[in-house]
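Below is one structure; the comments refer to it alone.
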4 protein chains.
Amino acid sequence: MRGRPRDPDLPARVLDAALAEYARSGWAGFTMHAVAGRAGVGKSSMYLRWPTKEQLLVDAIDAYTRPLVVDHDTGSLRGDVLALASSLLAHFLDPMGWVTVRIAVDAAVESVDLGGFHERIVTKHNDAAQRIVDRAIGRGELPAGVDGRPLLEGLFGGVLLHTLALPPSEHAAARTDLAAHVTPLVDLLLRGVGPAATPAVG
Amino acid sequence: MRGRPRDPDLPARVLDAALAEYARSGWAGFTMHAVAGRAGVGKSSMYLRWPTKEQLLVDAIDAYTRPLVVDHDTGSLRGDVLALASSLLAHFLDPMGWVTVRIAVDAAVESVDLGGFHERIVTKHNDAAQRIVDRAIGRGELPAGVDGRPLLEGLFGGVLLHTLALPPSEHAAARTDLAAHVTPLVDLLLRGVGPAATPAVG
Amino acid sequence: MRGRPRDPDLPARVLDAALAEYARSGWAGFTMHAVAGRAGVGKSSMYLRWPTKEQLLVDAIDAYTRPLVVDHDTGSLRGDVLALASSLLAHFLDPMGWVTVRIAVDAAVESVDLGGFHERIVTKHNDAAQRIVDRAIGRGELPAGVDGRPLLEGLFGGVLLHTLALPPSEHAAARTDLAAHVTPLVDLLLRGVGPAATPAVG
Amino acid sequence: MRGRPRDPDLPARVLDAALAEYARSGWAGFTMHAVAGRAGVGKSSMYLRWPTKEQLLVDAIDAYTRPLVVDHDTGSLRGDVLALASSLLAHFLDPMGWVTVRIAVDAAVESVDLGGFHERIVTKHNDAAQRIVDRAIGRGELPAGVDGRPLLEGLFGGVLLHTLALPPSEHAAARTDLAAHVTPLVDLLLRGVGPAATPAVG
DNA sequence: AGCTAATCGAGACGGTACGTCGTGTCTTTTC
DNA sequence: GAAAAGACACGACGTACCGTCTCGATTAGCT
């Protein structure tokens, strides 16, 4: 291989700049020119790696989201689910967190798969949820063979909708008491999963 | 009021054209010029009513979504919820249906209220859900004072996430058997709401 | 004739407003909307009288130019010509005076006759010049049958070009000493017309 | 200097296209879009070089006018002046020639200097005229120190006014006998400059 | 006095050009 | 041969103006 080697730092610089630009101005105003400028990079170098703007943003989101999935064993199903729900709520209350959803929705509307979004973003969360259910089965909290997907859908989607329906003026307050916002939904779902999983209905 | 009155048919023509253009080419290729041309209208007349492209699309979606909310009394809570969930699933499986969600997400990310999106789209669905719960209370299926919101969040969000997680290749199949896709989630949620609301766990 | 009679003041108001707008912003920025607004008149009332913007402006110029032609007998050909030349120079040093020329040039370029520009503006000045020559013939300063047109062309055009070549920074100074600017040209032309018409060449 | 260099052929292509478009449809219908299309050029590349439509046209005129100044030594002052006057008349009888004057008048009215009009168009003709006078002084046809400017003003302006006063219907005829139209003016002016410069008055 | 009809102001209408900006490609020099 | 810089062709944006049109409100002359 001859010639100048590819700059190994370049992708990281571009991805950071992409997130920063996206956070600053949303999809409108997310321009390749601005990203290139902020990263101190030529546009051609970006198009060499990411064929479209969307691909670039998906990569940036992926890099940002990677350490976000909560997969910590709290010792009980309710504890795990509450922790996951709180983490999701915190995620959605952060403007950056919405990007994941926005990209997913865009992918669904355009009915094109933006650079393997499903495998890389959706599956990642699905797996985390199934691990929580499997741990609960191991503890005897749930019968074997329970399908974790409806629970995940209700949980993930419920938190999403809750945030969506929350007026922006209450976002700050919600960030200080995450559990209060998710507990009703969590308990509703856990009562549905199995009688042992939740305190008795008052 | 003096001067020539505004053409009362014009908004309808423009809204129809906007939906048609959006359906044909998605957000990319959704041009004010094209909408104006299809509607047989000058761009100025459009900007006189809708300050931005987004506002126009929100209005078009609203007009399209209006007859979509299912609010039919099937005689039982489970029947009502199943009908609502099926309707939502059908809505999300239609590419046009996603636009509602996309706009909502955009509104959340930009943290600006795109033309009263909350009042006009979100509230509309919230109210429909609460009416279902109130009917169930009237029938004695649920105790008085039950809050419908967690149910709605789980239901709406769950169906949303279900569709989002569904690979595009399975969309056609899902459209032919809506109930099969939503029943697990519906039953999970109804078990959580109250013991009388659902058949015993098999 | 039935129906409401046309407002007799309206043309005057519109013509004044047209000149004011033209003086303020030139041809660019000379909008029918602005003229109508300044005159307190509806656009339809203007289009009822003037089919095009150009026609309106020609009429406005004509009304403004009418009292401008100097046709005063000073007792000698040189005096008459100097007076005419000074008046022309003053006219061209006034920004409004240029409008006449601008319209004439526009008419020439478009090679359409903007509402009888020739008969109404050009002829008017031609006639004034010929009267000066005729008076000089009557006094015996010029032989009978002399054609006044080359004199007029050289005079009118010469003053025009002199102003055109004058840097804007010297316009104010020129206005205070009109004769000094036109004397060289006037004497050049009068020496050409006939020996008796001018003092001996130094 | 880094980055892709500007295409050196582009200005020429655009200037040619601008003239062609102007000749085809006049100022109305002189569209940046149309010029760009004819030149096979993006609008942005045009705005990169010419901030306004007017500037572009001035440049195009300048490029067109450059080879127009006649500065050929015919051996006599009368021959030189007749040649210059005929050339000017031909210039003004060509619709394109008027553009020079139009731009000059616009520059005077707006009292802004449209892209250095004075230095580039006016001075160019002034210098040519002074060279003619200097050659005549060299031949002994004129006394030393004669100022060429009044002659130029009378000549240039006289031809201009002559064309302006000529009804469009006679333009074609004038083009076939340029000398007949300019001779009266030329002789008038030359008699004024000096006795040796012209044949005796008939 | 009531009717009829032309004109008035206002301003919305379908078009079209403007000048700006973003895209994704291409062409240089520099490393 | 990859990097940055930035010019390139293209096309949509939202604004402004055109000349036409449709209103309700005058303001006469004619019955």
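Residue numbering restarts at 1 for every chain, and letters A, B, ... go by the order of the sequence lines. These values consider heavy atoms only, across backbone and side chains, with no hydrogens, waters or symmetry-generated copies.
Side-chain atoms of D/Arg4 and base atoms of E/dC26 include a donor and an acceptor less than 3.5 Å apart. Residue C/Ser44 places a side-chain atom within donor-acceptor reach of the base of E/dA10, judged by atom type and a 3.5 Å distance cut-off alone. Checked by distance alone, B/Thr52 brings no side-chain donor or acceptor within 3.5 Å of a matching partner on the base of F/dG14.
Residues D/Gly40 and A/Val41 each lie close to DNA chain F; by heavy-atom proximity, the contact nearer the 5' end of the strand is made by A/Val41. Heavy-atom distances to DNA chain F give each of B/Lys53 and C/Met32 a nearest nucleotide, and the one nearer the 5′ end belongs to B/Lys53. Residue B/Met46 is the one, among D/Phe30 and B/Met46, whose nearest nucleotide of DNA chain E lies closer to the 5' end (criterion: closest heavy atom). Of the two residues near DNA chain E, B/Leu10 and D/His33, the one whose nearest nucleotide lies more 5' is B/Leu10.
Residue D/Leu57 contributes atom CG, which lies 12 Å from atom P of E/dC18 at whole-angstrom precision. When rounded to the nearest whole Å, the span between CD of C/Glu21 and C1' of F/dC17 equals 13 Å. The nearest whole Å value for the distance from the OH atom in A/Tyr47 to the P atom in F/dA3 is 16 Å. Residue D/Leu56 contributes atom CG, which lies 10 Å from atom P of E/dG19 at whole-angstrom precision. Atom CZ in D/Arg38 sits about 17 Å away from atom P in F/dA9, given to the nearest Å. Separating the CG atom of A/Asp7 from the C1' atom of E/dC31 is a distance of 12 Å, rounded to the nearest angstrom.
Side chain of B/Thr31, nearest nucleotide from F/dC13, F/dG19, F/dA9: F/dC13. When distances run from any side-chain atom of A/Arg49 to the nucleotides E/dG19, E/dT27, F/dA3, the shortest one goes to F/dA3. Checking F/dA4, F/dC8, E/dG24 against every side-chain atom of D/Leu48, the shortest atom distance belongs to F/dC8.
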For a side chain to side chain contact (heavy atoms under 4.5 Å, CB included) check, start with the C-alpha distance between C/Val41 and C/Val35, then their side-chain angles and the critical distance, and finish with the verdict. CA-CA 8 Å; C/Val41 148; C/Val35 173; over 6 Å; no
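One distance of note links CD of B/Glu54 with CG of B/Asp59; it measures 12.5 Å at 0.5 Å rounding.
For F/dA9, the OP1/OP2 oxygens have a side-chain nitrogen or oxygen of D/Ser45 closer than 4.0 Å.
A donor-acceptor pair under 3.5 Å links the side-chain atoms of C/Thr52 to the main chain of C/Gln55, judged by distance alone. Looking at A/Lys53, its side chain does come within 3.5 Å of a backbone N or O of A/Phe30 through a donor-acceptor pair.
Salt-bridge annotation for D/Arg38 and D/Asp16: absent, with no side-chain N of the basic residue lying under 4.0 Å from a carboxylate O of the acidic one.
Backbone-only engagement by B/Arg13 is indicated by non-hydrogen atom pairs under 4.0 Å involving sugar-phosphate atoms exclusively. The residue C/Lys43 sits close to a base: some heavy atom pair falls under 4.0 Å.
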